[in-house]
Amino acid sequence: MRDRYSSNLAFNDILFNTLLGFVTLFILVLMLINPVAKQGDIPSHSEIMIILEWDGEVSDDLDIWVVGPGMDSPLSFQNKTSGFMHLDRDDLGSTSDTILIAGVASVIKINREVVNMRGIMPGDYFINVHVYSRPAKAKPTLFTVSLIDINPYKEAIHVQHYAAKKGQIFKIPAFTVDQEGNISDIFVSDRLIPRIHSASTSEGVSSGSGSR
């Protein structure tokens, strides 16, 4: 005779709650893998990068200078943040390639300076590359300047020059940013960007530059 008081209700409740717990954990894991994007986390459409690169084996110290609208002073190693632009690193050539990791010296043979623009400021931007220092009798050093529009990805400028002597200044093609943050024009420029904390020549740029 079957016990009339026996029931599977408690077992079903436990099974249902266990299943509900697994579903809840699964949803939480998905949210952690793909978090809801906040407005501040959405990549800006106006992200632009300027990259200066040269031979990682040489001691040449090259500097990038940029000036544009809304900038109180030129962006350079002397002023690493100006307007929406920021200089990520002032590379001093091979002399700055040695770093300490857990007390052990490591050499990273990369010579590169990167400028990032993280906001929209429409107008014209001008780029100079200055040969801050290099060995007097060394062979000319090839360097490259690239202008990259990140969203969507497009290389707008890719130029190469040879640094032959200290004090040289190279006028890289200028570019225009439109209201949407896009690079809308590339044009040849003869603009020399004035130095900070240094005596100017009649051309507006000194052959040297401020102290590091």
Q | Nearest atoms (heavy-atom pairs only) where Val131 meets Phe170 | A | CG2-CE1, 3.9 Å
Q: Name all residues meeting the side chain to side chain donor-acceptor pair (under 3.5 Å) criterion together with Ser82; count only those two or more places apart in sequence or in a different chain, and write none if there are none.
A: none
Q) Donor-acceptor pair, Arg134 side chain versus Ala164 backbone, under 3.5 Å? A) yes
Q. Could you state the interatomic distance from CG (Leu147) to NZ (Lys154), rounded to the nearest 0.5 Å?
A. 9.0 Å
(Q) Which residues pass the ring pair (Phe, Tyr, Trp, His ring centres under 6.0 Å) test with Phe175, not counting sequence neighbours? (A) Tyr125
Q.
Can you confirm if the aromatic rings of Phe143 and Tyr162 lie within a centre distance of less than 6.0 Å?
A. no
Q) Can you tell me how far the CD1 atom of Ile148 sits from the CD1 atom of Ile157, to the nearest 0.5 Å? A) 11.0 Å
Q) Do the side-chain N and O atoms of Gln160 and Thr144 include a donor-acceptor pair separated by under 3.5 angstrom? A) yes
**Q.** Over all atoms of both residues, closest heavy-atom pair of Leu75 and Lys80
**A.** CD1-O, 3.2 Å
**Q.** Atom of Asn128, atom of Arg191 and distance for their closest heavy-atom approach
**A.** ND2-O, 3.2 Å
(Q) Tell me whether Asp178 contacts the main-chain N or O of Glu180 through its side chain, where contact means a donor paired with an acceptor under 3.5 Å. (A) yes
Q. Going by atom types alone, do Asp60 and Asn111 pair a side-chain donor with an acceptor below 3.5 Å?
A. no
Q) About how many Å separate CD1 of Ile48 and CZ of Arg118, when rounded to the nearest 0.5 Å? A) 12.5 Å
